[in-house]
Amino acid sequence: MGRKLLLEHIDVPGIQTYDVYRNHGGYRSVEKALKTMSPQEVVEEVQKSALKGRGGAGFPTGMKWSFLAKPEGVPRYLVCNADESEPGTFKDRYLMEKIPHLLIEGMITSSYALGANTSHIYIRGEYMFVLDILEKAIAEAYANGWLGKNILGSGYDLDLYVSPGGGAYICGEETALLESLEGKRGNPRMKPPFPAVKGLFGCPTVVNNVESIAAVVPIINIGAEEYLKIGTEKSSGTKLISASGNLVRPGVYEIELGLSVEEFIYGDEWCRGIANGKKIKACIPGGSSVPILPHNLITKTATGETRYMSYESLSDGGFASGSMLGSGGFIVFDEDQCIVRNTWNFARFYAHESCGQCSPCREGTGWMEKVLYRLEHGQGNMRDIDLLEQINKKIEGNTICPLGDAAAWPVAAAIRHFREEFEWHVTNPQEALTRNYGLKKVAETL
Amino acid sequence: MISTHELQSKKPPFSEESLKEVNRIISQFPEGRHKSALIRILHIAEEEFGGWLSQETMDYVADLLNIQPVEVYEVATFYTMFNLEPTGKFVFEVCRTGPCMLVGSDQIIEHIKNRLGISKVGETSADGIFTLKTSECLGACGYAPMLQCGKVYHEHLTPEKVDQLIEEYRAKYAQLKNQN
């Protein structure tokens with residue numbers, strides 16, 4: 001049984017409400033921080049914990065905090081990124097829906113650390129029902145003196161608000177999010193300046209993922225030293241994993257980083273294996289933007305070592321034979337799934353979600369979608385496969401924000417590991433319309 | 001397409017209740033930064049004025065926020081949640097992205113088309129009650145397939161469950177009609 005830091009009380013009836021949350025140790029981190037620690041000490045504790053950003057990029061949260069500019073007389077902002085839209089990822093929604101006060105507590109402790117007196121939670125518009133839950137919890141927090149003026153008599157003031165988006169994956173990119181929060185189109189900004197210097201309303205801003213902010217609560221409660229004992233040397237703490245696809249028991253799980261992938265997929269406590277007694281064909285371990293792994297590289301690395309659920313182990317082998325932990329959106333494919341169809345589906349997603357600002361991404365994602373559609377629908381030729389690789393190279397690294405890369409990498413990985421399946425679609429167009437390629441001839445371990 | 005529908009006839013201005021909500025939202029942002037409230041106000045406008053944003057509605061919101069109409073248009077056209085044309089009373093948005101597709105969203109979309117007698121995604125049923133749309137990942141991958149209708153997520157869908165949903169919404173529609 002792994003240790004739970006975020007979801008420990010998730011099954012307690014009424015944990016959504018303030019009283020029950022408080023009775024289960026809620027808001028202790030705020031008490032500890034405001035009464036016994038300076039803001040700088042909170043920042044240092046988070047730095048020591050080696051917490052990596054849980055939104056997908058894995059950038060150390062404490063380091064991000066340390067970059068925040070602090071010019072005199074200028075307000076600073078903490079903005080929570082609750083725009084969760086990476087296909088395969090639904091952990092933030094789960095956390096906010098089931099235990100909203102954990103996020104609010106994290107926002108208070110983190111805002112105190114950063115010296116922010118107004119903080120915002122930006123939530124994707126489709127999660128409007130979650131916004132209602134959060135606003136109710138915020139009202140409870142105000143009523144009980146955790147928000148507003150002079151919190152706990154410390155002299156620290158904080159107001160906290162929630163704002164919805166309008167349906168745009170790109171607003172998960174932090175500068176697009178800030179544009180959206182200012183009531184504009186979600187076009188990512190050129191960097192520098194980074195948000196830490198010029199963010200919301202031109203003021204220094206930190207943007208953190210929901211889970212990262214929630215993780216600050218246990219870090220302050222148990223201390224960085226204790227937190228570092230959980231997980232692996234390079235991946236401290238616990239991580240929420242959103243498991244989906246052809247699994248017996250999909251859902252959100254909190255794992256100690258370093259759990260073996262095999263245990264996670266097949267273990268009784270976790271996903272309990274592949275649905276309908278089928279075999280596993282592939283897995284995308286960190287949301288749709290990370291490279292897909294063929295069945296021979298999921299539970300073992302290319303060198304035959306056990307693969308673990310951690311930042312370092314999932315990326316072992318680089319893009320040639322590894323992937324990334326990303327957002328923890330763990331998508332599993334059974335033997336009957338078509339890789340070409342799935343690659344097309346995700347390419348369509350990125351083409352749909354490109355903001356249109358940079359031509360390599362705007363045009364490239366559209367091209368990839370069209371070429372993949374052709375291949376999937378029995379109209380492709382061999383040159384199309386190479387063409388996809390060329391388009392990939394022209395997008396990657398040539399755009400303002402990482403959406404272009406995120407669109408290019410999964411296509412490149414699918415061709416790298418499943419080229420024969422793509423070729424089979426070209427050589428057997430009619431057959432490919434009526435049946436799937438199946439499991440055979442997946443690329444051998446490198 | 002339905003242009004005038006008995007349940008979609010309400011036009012600006014906002015009700016007093018909505019205006020209060022609009023002012024509450026504006027007050028969350030610093031002086032001069034009230035444009036931040038735009039997206040949320042558009043959601044409220046859409047709900048209050050028949051499920052879509054007409055030019056009249058958008059101009060009204062621009063006026064309310066004291067910004068140029070084009071600032072509203074460019075936002076309304078960027079974000080996929082906003083309907084720029086009239087829809088049926090209830091919009092079924094079925095998630096079509098990878099994880100949902102792996103467990104049968106294509107079949108759910110086909111089933112809804114058949115049941116509502118519509119030929120393609122984006123159309124409205126002849127009785128004007130339902131519009132079928134697809135959407136990209138809605139963050140319900142572990143409970144797929146799914147569809148969103150208004151604020152509500154309907155998850156773990158099967159064809160039988162879809163039939164039941166359609167009946168429930170039909171009943172809700174009849175009830176609304178009686179109230180009017």
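Proteins come first, then strands; the chains are lettered A, B, ... in the order of their sequence lines, and each starts at number 1. From a predicted model like this one, the values you see are computed outputs, not experimental measurements.
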| task | Specify whether F29(B) and H120(A) have parallel, tilted or perpendicular ring planes, treating 30° as the upper limit for parallel and 60° as the lower limit for perpendicular. | result | parallel
For [X] and [Y], work out which heavy atoms get closest and say how close.
X: A168(A); Y: F78(B); value: CB-CE2, 4.0 Å
X: G125(A); Y: H43(B); value: CA-NE2, 4.4 Å
X: N246(A); Y: V103(B); value: ND2-CG1, 3.9 Å

| Hey, which of S135(B), C100(B), C137(B) has the most heavy atom pairs under 4.5 Å with chain A? | C137(B)
| query | At a heavy-atom separation under 4.5 Å, does Q148(B) approach chain A through its side chain, its backbone, both, or neither? | reply | side chain
| said: Which atoms of A140(B) are under 4.5 Å from chain A, going by heavy atoms: the side chain, the backbone, both sets, or neither? | reply: both
| message | Using a 4.5 Å heavy-atom cutoff, which residues in residues 31-38 of chain B come close to chain A? | response |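 If one takes a 4.5 Å heavy-atom cut-off, the residues of residues 31-38 of chain B near chain A are R33(B), K35(B), S36(B), L38(B).
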Spatial distance of atom [atom1] ([X]) from atom [atom2] ([Y]) [nearest 0.5 Å]:
X: I331(A); Y: M101(B); atom1: CD1; atom2: CE; result: 10.5 Å
X: T80(B); Y: E126(A); atom1: OG1; atom2: CD; result: 6.0 Å
X: E97(A); Y: Y153(B); atom1: CD; atom2: OH; result: 9.0 Å

| What residues, two or more places apart in sequence or in another chain, satisfy side chain to side chain contact (heavy atoms under 4.5 Å, CB included) together with T434(A)? |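 Per chain and number, T434(A) pairs via side chain to side chain contact (heavy atoms under 4.5 Å, CB included) with no residue.
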| task | Heavy-atom distances under 4.5 Å only: say whether D132(A) touches chain B with side chain, backbone, both or neither. | result | side chain
What pairs of donor and acceptor atoms, side-chain ones from residues 58-67 of chain B against any protein atom, are under 3.5 angstrom apart with sequence neighbours left out?
| residue | atom | partner | partner atom | Å |
| --- | --- | --- | --- | --- |
| D59(B) | OD1 | Y73(B) | OH | 2.5 |
| Y60(B) | OH | F14(B) | N | 3.0 |

| request: Please examine the side chains of M128(A) and M81(B), heavy atoms only from C-beta on, and report whether any two atoms are closer than 4.5 Å. | output: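 Sidechains of M128(A) and M81(B): no contact.
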| query | Can you name the residues of residues 176-186 of chain A that have some heavy atom under 4.5 Å away from a heavy atom in chain B? | reply | S180(A), L181(A), E182(A), G183(A), K184(A), R185(A), G186(A)
| task | Evaluate the criterion side chain to side chain contact (heavy atoms under 4.5 Å, CB included) for residue pair Q28(B) and D159(A); output intermediate values, then yes/no. | result | CA-CA 9 Å; Q28(B) 298 177 346; D159(A) 284 312; over 6 Å; no
| query | When only pairs under 4.5 Å are counted, which of R348(A), E86(A), Q337(A) shares the most heavy-atom pairs with chain B? | reply |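 Max contact count across the listed options: R348(A).
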| said: Let's go through F346(A) and T97(B) carefully: what are the C-alpha distance in whole Å and the side-chain angles of both, what is the deciding distance for side chain to side chain contact (heavy atoms under 4.5 Å, CB included) to 0.1 Å, and is it a yes or a no? | reply: CA-CA 7 Å; F346(A) 283 135; T97(B) 317; 4.0 Å; yes
